[in-house]
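We count ligands from 1, going down the list as the structure has it; atoms in each ligand are counted the same way. Quick caveat, the model's predicted, so the values are computed rather than measured.
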Amino acid sequence: MWRRVFDQRVLDLPDALQYLGNMNRLRTQVGIIGSGPAGLLLSHLLAQRGIESIILERQSRAHVEARIRAGVLEQGTVDLLRQLGLGERMDREGIVHEGFSMAFSGRKERIDMHKLTGKSVMIYGQTELTKDLINARLAAGGAIHYECPVLAVEEYQSSQPRIIYEQEGQRKELVCDFVAGCDGYHGAARKSVAQNRMQLFEKVYPFGWLGILADVPPVDHELIYASHERGFALCSMRSHTRSRYYVQCSLDDRVENWTDDAFWDELRRRLPPECAEKLVTGPRLEMSIAPLRSFVVEPMRFGNLFLAGDAAHIVPPTGAKGLNLAVSDVYYLARALAAFYGEKRSDLLDRYSEVALRRVWKAVRFSWWYTMLMHRFDDDQISHRLQVAELEYVASSEAAQTVMAENYVGLAFDD
Ligand code: FAD
Ligand code: DHB
């Protein structure tokens with residue numbers, strides 16, 4: 001570049017400075033921060049409608065593709081992925097589940113989601129979904145810039161918001177019409193807005209989840225959520241040969257405190273005997289601890305900056321809702337941006353926050369309720385008895401099971 005510029009001898013000093021400045025400035029219609037499920041899916045939805053976007057991601061591609069997170073896709077998420085032509089591997093390798101079980105007092109009760117709602121969920125790891133979204137986006141010529149941490153969003157109240165980021169140690173900026181903050185709970189987008197412009201709602205739970213991933217066949221063909229006096233446990237899976245298990249742990253616990261054997265022993269103790277006997281154990285592929293919180297920011301729009309996914313809300317993982325909420329957010333956002341560019345309508349952008357938050361709060365409520373029902377709380381003696389009473393009620397009432405199933409398979413996307 002430099003040689004070309006100087007060989008042509010066309011630039012005096014001010015022009016050269018401007019030229020350099022332009023090298024550090026990109027422009028697009030929608031600047032997306034974060035290449036998690038929210039950012040990646042948004043770029044697909046926008047591309048489908050002919051809207052240009054650029055994704056800036058702090059981490060490397062390998063790091064993003066290796067993060068072990070969610071495993072359950074709601075019916076609405078699955079349908080949307082298929083509609084976008086992104087469901088081929090999911091349909092081949094994912095596992096459709098029509099029910100799940102709740103274990104307590106040594107028994108196991110199945111919730112037949114399909115019978116109760118006509119819907120099911122798909123077991124397909126977030127890592128696999130992320131790889132599919134990245135591959136398809138890059139194959140279609142989409143722009144994802146990895147190892148580009150965003151420092152701040154500036155001028156988001158104006159028609160030319162700027163995303164300030166770093167690339168190879170250089171400060172750069174992305175100028176756009178709109179910014180989508182899809183950068184998770186710890187991201188830069190929400191932090192670019194003054195605290196007094198938003199209301200935060202937060203509940204931190206007094207425990208975490210210790211998770212193990214291992215190449216062993218799952219203990220059951222469907223998921224088991226277990227409530228036990230020693231604490232909650234979840235038996236999940238990624239395939240017929242790879243299992244994902246979790247046990248409730250204390251907040252100050254550390255992965256280094258746990259051997260594989262100690263994990264398997266603790267899990268076995270929290271399962272009904274019929275399951276504990278069948279548990280196949282093996283060496284960990286991964287072990288990690290996740291804290292649990294409920295968190296919502298209101299509103300989800302600040303001028304031309306829109307928040308989506310974990311950047312705007314966190315739910316405890318018990319209801320498997322986090323990834324699915326990220327999907328409904330970007331569905332609403334893409335629809336609103338399409339109406340703006342296609343029909344010069346801004347009413348859907350104006351309603352984005354309200355519409356997204358309505359669905360968010362329902363998922364926050366369900367995840368809170370399911371968390372409170374299944375975990376051990378040390379604060380009072382009555383809580384475990386109340387939990388057992390409620391679990392027995394759910395097990396005996398089709399109406400109660402229908403409420404659970406409707407929420408678990410995912411509530412409808414609003415019009
Ligand atoms: P993220 O996936 O967090 O992506 C944000 C991206 O932004 C990241 O790639 C990050 O590197 C990037 N970023 C952050 N800061 C910056 C910056 N400054 N500049 C540039 N990039 C930045 N959900 C479900 O629906 N079902 C489940 O079964 C489920 N199970 C879970 C189990 C566990 C143990 C955990 C921890 C979570 C689970 N979740 C589940 C939640 C789900 O993983 C998240 O809700 C989901 O990842 C949210 O997607 P996102 O794109 O909003 O955010
Ligand atoms: C998984 C995580 C969840 O939070 C959940 O409710 C179900 C499954 C999982 O990681 O497989």
Which protein non-hydrogen atom lies closest to [atom], naming both residue and atom, and how far is it?
| atom | result |
| --- | --- |
| atom 3 (O) of ligand 1 | R69 NH2, 3.4 Å |
| atom 44 (C) of ligand 1 | D310 OD2, 3.4 Å |
| atom 51 (O) of ligand 1 | A38 N, 2.9 Å |
| atom 4 (O) of ligand 1 | G36 CA, 3.4 Å |
| atom 32 (C) of ligand 1 | Y246 OH, 3.7 Å |

Polar-atom distance check: [X] versus ligand 1, any N or O pair below 3.5 Å?
| X | answer |
| --- | --- |
| V150 | yes |
| R58 | yes |
| W209 | no |
| A308 | no |
| A320 | yes |
| G184 | no |
| Q59 | no |

Return the option from [options] holding the heavy atom at the smallest distance from [atom].
| atom | options | answer |
| --- | --- | --- |
| atom 25 (O) of ligand 1 | L73, L325, L323 | L323 |
| atom 43 (O) of ligand 1 | K191, H313, Q126 | Q126 |
| atom 30 (N) of ligand 1 | G39, S367, A70 | A70 |
| atom 49 (O) of ligand 1 | G34, A363, G309, P37 | P37 |
| atom 11 (O) of ligand 1 | E65, E147, E57 | E57 |
| atom 36 (C) of ligand 1 | A311, G71, P291, A290 | A290 |

What heavy-atom pair brings [X] and [Y] nearest, and what distance separates the two atoms?
| X | Y | result |
| --- | --- | --- |
| T318 | L292 | OG1-CD2, 4.4 Å |
| R242 | S239 | N-OG, 3.0 Å |
| A188 | D183 | N-OD2, 2.7 Å |

If the cut-off is 4.0 Å to any non-hydrogen atom of [X], which atoms of ligand 1 fall inside it?
| X | value |
| --- | --- |
| L56 | 20 (C), 21 (N) |
| A188 | 18 (N) |
| G322 | 23 (N), 24 (C), 25 (O), 41 (C), 45 (O) |
| G187 | 15 (N) |
| D183 | 5 (C), 7 (O), 13 (N), 14 (C), 15 (N), 16 (C), 22 (C) |

- Query: ligand 1 versus C182, non-hydrogen atoms closer than 4.0 Å: side chain, backbone, both, neither?
  - Reply: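 Answer for C182: backbone.
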
- Hey, is I33 touching ligand 1 through its side chain, its backbone, both or neither, going by heavy atoms under 4.0 Å?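 Looking at I33 and ligand 1, just side chain atoms fall under 4.0 Å.
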
Ring centres under 6.0 Å, that's the criterion: do [X] and [Y] meet it?
| X | Y | answer |
| --- | --- | --- |
| Y205 | F377 | no |
| F207 | H375 | yes |
| Y332 | Y352 | no |

- Message: Checking E298 now: which residues fulfil salt bridge (Lys or Arg N to Asp or Glu O under 4.0 Å) with it, not counting sequence neighbours?
- Response: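 Checked E298 against salt bridge (Lys or Arg N to Asp or Glu O under 4.0 Å); zero matches.
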
- Do the ring planes of Y225 and F100 sit parallel (below 30°), tilted (30 to 60°) or perpendicular (above 60°)?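 Taking F100 first and then Y225, their aromatic rings stand perpendicular (interplane angle over 60°).
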
Under 4.0 angstrom from ligand 1, any heavy atom of [X]?
| X | value |
| --- | --- |
| R67 | yes |
| K321 | yes |
| G211 | no |
| Y165 | no |

Assess the side chains of [X] and [Y]: does a donor N or O sit below 3.5 Å from an acceptor N or O?
| X | Y | result |
| --- | --- | --- |
| S120 | E98 | no |
| H313 | D329 | yes |
| T77 | Q75 | no |
| S250 | D252 | yes |
| S328 | R359 | yes |
| D177 | Y341 | yes |

- Any residue meeting side chain to side chain contact (heavy atoms under 4.5 Å, CB included) with Q167, in chain and number order, not counting sequence neighbours: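 Result, side chain to side chain contact (heavy atoms under 4.5 Å, CB included) vs Q167: H145, C148, Y165, K172.
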
- Task: For R190 and A311, indicate whether the former's side chain and the latter's backbone hold a donor-acceptor pair under 3.5 Å.
- Result: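 Checking the backbone N and O of A311 against the side chain of R190, a donor-acceptor pair under 3.5 Å is found.
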
- For ligand 2, list the protein residues that place a heavy atom within a distance below 4.0 Å of one of its atoms, sorted by chain and number.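 Contacting ligand 2 under 4.0 Å are R69, G71, V72, W209, L223, Y225, L234, S236, R238, R244, Y246, P317, T318, A320.
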
Can you confirm if the NZ or CZ of [X] lies within 45° of the ring axis of [Y] and under 6.0 Å from the centre of its six-membered ring?
| X | Y | answer |
| --- | --- | --- |
| R238 | Y124 | no |
| K119 | Y408 | no |
| K203 | F201 | no |

- Task: Quick one: list whatever passes side chain to side chain donor-acceptor pair (under 3.5 Å) with Q199, sequence neighbours left out.
- Result: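 Here no residue qualifies.
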
- Query: Distance below 4.0 Å between atom 46 (C) of ligand 1 and any protein heavy atom?
  - Reply: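 Looking at atom 46 (C) of ligand 1, one finds that a protein heavy atom does lie closer than 4.0 Å.
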
- Task: Mind running salt bridge (Lys or Arg N to Asp or Glu O under 4.0 Å) on E109 and R107 for me, showing each step along the way?
- Result: CA-CA 7 Å; E109 299 290 340; R107 51 197 263 225; 2.9 Å; yes

